[in-house]
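Working notes, beginning with the structure itself.
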Amino acid sequence: MNDHVPNASLLIRQAEYFLKSLKPGPLAIAVSGGSDSLGALFAISEASNSDREIICFTVDHQLRTEAADEALYVGEICRSLGIKHQILKWVGEKPVSGIQKAARHARYKLLADACAAKNAVGVVTGHIQDDQLETVAMRSARNNSDAARGLSGMAPATLFYNQMWVFRPFLSTTKAEFQTFLDAKNQTWIEDPSNQDDQFERVLVRKQADFVIGLPEIMRAQKLRTKIAIAAAEYLSTYCIVKDGLIAEVEIKLDDIPVLLRAVESLICVIGGRNRTLSSQQLERLERFTRSDNPKPMTLGRAYIAKKAGMLFLRRENRNLDVIEIGAQSDSMWDGRYWIKNNHQKTPLVVSGDSQMEGFPPKLFWKIDDVDSKIDTNESDPFISVRRYVNKFDEVLTFFDMPLATEIAKLFASRGIKASPFVGDP
């Protein structure tokens with residue numbers, strides 16, 4: 001999928017190969033009007049056949065007055081191609097800081113909902129080689145380890161919110177190649193002024209135009225990441241048990257330290273309820289701990305970790321357990337580990353931690369006339385639904401990590417991972 005594409009004919013062949021790799025169903029394309037996404041639109045349109053419906057989505061973040069006209073411009077192009085087009089608007093107040101991160105989150109949520117409504121197999125984005133090199137350059141500046149997962153860059157396929165597959169089939173195509181492709185069709189494109197704004201890290205990296213890490217190195221990192229993820233999944237399947245979704249017991253095997261650390265790190269993220277990878281310093285600390293004969297218990301990522309008789313024991317540490325109130329007919333996340341829905345028509349639900357219970361599952365109360373009435377968690381309540389949330393993979397899951405995510409979901413009895421969108425995969 002990532003072979004270099006030097007000319008238009010190979011670009012179309014690349015799009016054809018990608019389309020043939022997908023399972024049946026409608027396919028969405030996210031198009032902003034820039035050369036990258038328009039290039040992807042034309043390539044997919046030319047390579048597709050009548051057996052698959054193609055739908056185009058344009059997100060109007062409503063951050064620039066020109067965005068509305070740009071979305072209409074994309075709609076005109078789609079009409080000329082015979083492709084359905086829909087504009088998705090990000091409504092409401094916008095944050096003062098962190099606008100790019102917030103806009104990205106809003107964009108993917110809008111696309112996920114739109115794809116679900118159309119029953120689309122996924123959505124294609126116009127991410128290209130330039131984006132990939134910039135992404136890896138930014139990540140390598142934070143962690144230059146050869147084995148760092150960040151060096152694998154963006155995945156050709158990523159699952160968002162366990163709901164929508166995002167495809168990036170043109171990660172080996174350059175901006176110049178796409179622009180030449182569009183020039184040959186006399187097709188103009190829109191230049192986003194934010195692409196020249198030096199306040200954004202990506203723009204500064206782009207202007208340096210000196211990428212030490214190239215596609216071959218990225219491909220090697222991707223293969224290594226996939227290999228370790230598969231091995232870590234097998235390790236957990238063989239040497240780990242999780243009791244009541246709360247306490248993990250892992251047998252320590254020091255034959256392959258990277259695999260052991262990857263497996264345990266995933267457990268820490270889920271048990272601690274945080275979607276954060278461990279830093280290189282934290283991983284070194286974890287390795288020293290596993291190699292020590294009789295280490296004192298430690299905490300990492302809100303997980304309490306103890307070692308005894310060649311086993312690691314992990315549970316949520318006894319602190320920073322929030323108390324939240326969930327209104328009637330509402331749902332909310334508690335502690336990054338449980339998604340709780342209150343289906344009651346009128347009565348709020350109070351959720352807290354119980355320090356007397358090892359592992360700290362949620363403690364539930366009905367709030368009636370300002371008096372808390374405890375709920376017997378051993379009995380089912382028709383007004384409450386509680387789902388174990390695997391924060392590490394429920395939000396963003398790269399195709400590289402899918403085997404590991406699938407095993408983690410089994411261990412914690414969470415909801416299963418959405419099936420692979422590719423032909424031949426289960």
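Because only heavy atoms are used, hydrogens play no part in the values below, and waters and symmetry mates are left out as well, while side chains stay in. Here the structure is a predicted model, which means the values were calculated and not measured. Residues: numbered from 1 along the sequence shown.
The shortest side-chain heavy-atom distance between Arg415 and Val390 does not fall under the 4.5 Å cut-off. Taking the side chain as every heavy atom from C-beta outward, Ile55 and Gln86 never approach each other to under 4.5 Å. Met298 is listed as a side-chain neighbour of Phe289, based on a closest heavy-atom distance under 4.5 Å. Within the 4.5 Å cutoff, no side-chain heavy atoms of Gln14 are placed close to those of Phe18. At a threshold of 4.5 Å between non-hydrogen side-chain atoms, the residues Trp189 and Leu182 count as touching. Within the 4.5 Å cutoff, no side-chain heavy atoms of Phe170 are placed close to those of Arg168. Side-chain contact between Asn343 and Ile384 is absent, with no heavy atoms from C-beta onward closer than 4.5 Å. Counting only heavy atoms from C-beta outward, the side chains of Asn342 and Asp331 never approach each other to under 4.5 Å.
Surrounding NZ of Lys227 are at most 12 heavy atoms belonging to other residues, nucleotides or ligands under 6.0 Å away. For Arg107, the CZ atom counts as densely surrounded, since its 6.0 Å shell holds more than 12 non-hydrogen atoms of other residues, nucleotides or ligands. Counting heavy-atom neighbours within 6.0 Å of Arg52 CZ, excluding the residue itself, gives a total above 12. Within 6.0 Å of CZ in Arg319 there are 12 or fewer heavy atoms belonging to other residues, nucleotides or ligands. More than 12 non-hydrogen atoms from other residues, nucleotides or ligands lie less than 6.0 angstrom from NZ of Lys185.
Residue pairs meeting the ring pair (Phe, Tyr, Trp, His ring centres under 6.0 Å) criterion with at least one partner in residues 395-420, sequence neighbours excluded, are Trp165-Phe399, Phe399-Phe422. Pairs of residues two or more places apart, or lying in two chains, that qualify as ring pair (Phe, Tyr, Trp, His ring centres under 6.0 Å) and include a residue from residues 229-279 are Tyr235-Tyr239.
Taking CG from Asp401 and OG1 from Thr158, the interatomic distance works out to 9.5 Å, rounded to the nearest 0.5 Å. How far CG of Leu283 is from CD1 of Ile268: 8.0 Å, rounded to the nearest 0.5 Å. A distance of 7.5 Å separates OG1 in Thr125 from CG in Leu171, rounded to the nearest 0.5 Å. Atom CG in Asp113 sits 9.0 Å away from atom CG in Leu88 (nearest 0.5 Å). One finds the CG atom of Asp36 at 9.5 Å from the OG1 atom of Thr174 (value rounded to the nearest 0.5 Å). Distance check, rounded to the nearest 0.5 Å: CE of Met333 to CG of Asp322 gives 12.0 Å.
Panel note: side chain Ser37, backbone Ser32; a donor-acceptor pair is recorded below 3.5 Å. Under a 3.5 Å cut-off, the side chain of Lys101 and the backbone N or O of Ser97 do not form any donor-acceptor pair. Put simply, the side chain of Thr226 gets close to the backbone of Gln222: a donor and an acceptor are under 3.5 Å apart. Listed for the Arg274 side chain is no donor-acceptor partner under 3.5 Å among the backbone atoms of Gly336. In this structure a side-chain-to-backbone donor-acceptor pair under 3.5 Å is present from Ser292 to Arg288. Between the side chain of Asn162 and the backbone N or O of Asp394 there is no donor-acceptor pair closer than 3.5 Å. With hydrogens and angles disregarded, no donor-acceptor distance shorter than 3.5 Å links the side chain of Lys118 to the backbone of Ala116. For Gln282 (side chain) and Ser279 (main-chain N/O), a donor-acceptor pair under 3.5 Å exists by modelled atom type. Judged purely by atom type and a 3.5 angstrom limit, Ser45 has no side-chain atom pairing as donor or acceptor with the backbone of Ala43.
Gln179 approaches Ser35 most closely through the heavy-atom pair NE2-OG, 3.3 Å. Val121 and Phe167 get closest at one heavy-atom pair: O-CZ, 3.9 Å. Minimum interatomic distance between Leu27 and Leu22 (heavy atoms only, all atoms of both residues): CD1-CD1, 4.0 Å. Smallest separation of non-hydrogen atoms from Ala405 and Leu397: CB-CD1, 3.6 Å. The two residues Tyr389 and Trp339 make their nearest non-hydrogen contact at CB-N, 4.3 Å. Across all their heavy atoms, Ser352 and Val323 have their closest contact at CB-CG2, 3.7 Å.
Salt-bridge annotation for Glu16 and Lys20: absent, with no side-chain N of the basic residue lying under 4.0 Å from a carboxylate O of the acidic one. Using a cutoff of 4.0 Å between basic side-chain nitrogens and carboxylate oxygens, Asp335 and Arg337 are scored as salt-bridged. A salt bridge does not link Asp425 to Lys23: none of the charged nitrogens lies less than 4.0 Å from a carboxylate oxygen. In summary, Arg388 and Asp244 do not engage in a salt bridge, as defined by a charged side-chain N under 4.0 Å from a carboxylate O. Look at Glu177 and Lys175 and you find no salt bridge, because none of the NZ, NE, NH1 or NH2 atoms lies under 4.0 Å from a carboxylate O. Lys307 has no carboxylate O lying under 4.0 Å from a charged side-chain N of Asp293, or vice versa, which leaves the two without a salt bridge. In summary, Glu53 and Lys84 engage in a salt bridge, as defined by a charged side-chain N under 4.0 Å from a carboxylate O. Under the 4.0 Å criterion applied to side-chain N and carboxylate O atoms, Arg262 and Glu265 are assigned as salt-bridge partners.
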>> Pair Gln62, Val91 - check side-chain contact (heavy atoms from CB on, under 4.5 Å), show working.
In response: CA-CA 7 Å; Gln62 298 193 316; Val91 298; 3.9 Å; yes

> So Leu236 and Leu267, side-chain contact (heavy atoms from CB on, under 4.5 Å) or not? Walk me through it.
Replying inline: CA-CA 9 Å; Leu236 290 176; Leu267 294 173; 3.9 Å; yes

> Yes or no on side-chain contact (heavy atoms from CB on, under 4.5 Å) for Leu278 and Leu261, after CA distance, side-chain angles and deciding distance?
Replying inline: CA-CA 10 Å; Leu278 298 182; Leu261 295 180; over 6 Å; no

>> Apply salt bridge (charged side-chain N to carboxylate O under 4.0 Å, His left out) to residues Arg315 and Glu249 and explain how you reach the verdict.
In response: CA-CA 9 Å; Arg315 62 169 173 82; Glu249 299 180 5; over 6 Å; no

> Between Phe42 and Phe178, is a ring pair (Phe, Tyr, Trp, His ring centres under 6.0 Å) present by the stated rule, with each step listed?
Replying inline: CA-CA 10 Å; Phe42 275 91; Phe178 258 153; over 10 Å; no

> Does the pair Val74 and Cys78 meet the rule for a side-chain contact (heavy atoms from CB on, under 4.5 Å), with working shown?
Replying inline: CA-CA 6 Å; Val74 174; Cys78 287; 4.2 Å; yes

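Taking the six-membered ring where tryptophan is involved, the planes of His344 and Phe383 are tilted, since the angle between them lies from 30° to 60°.
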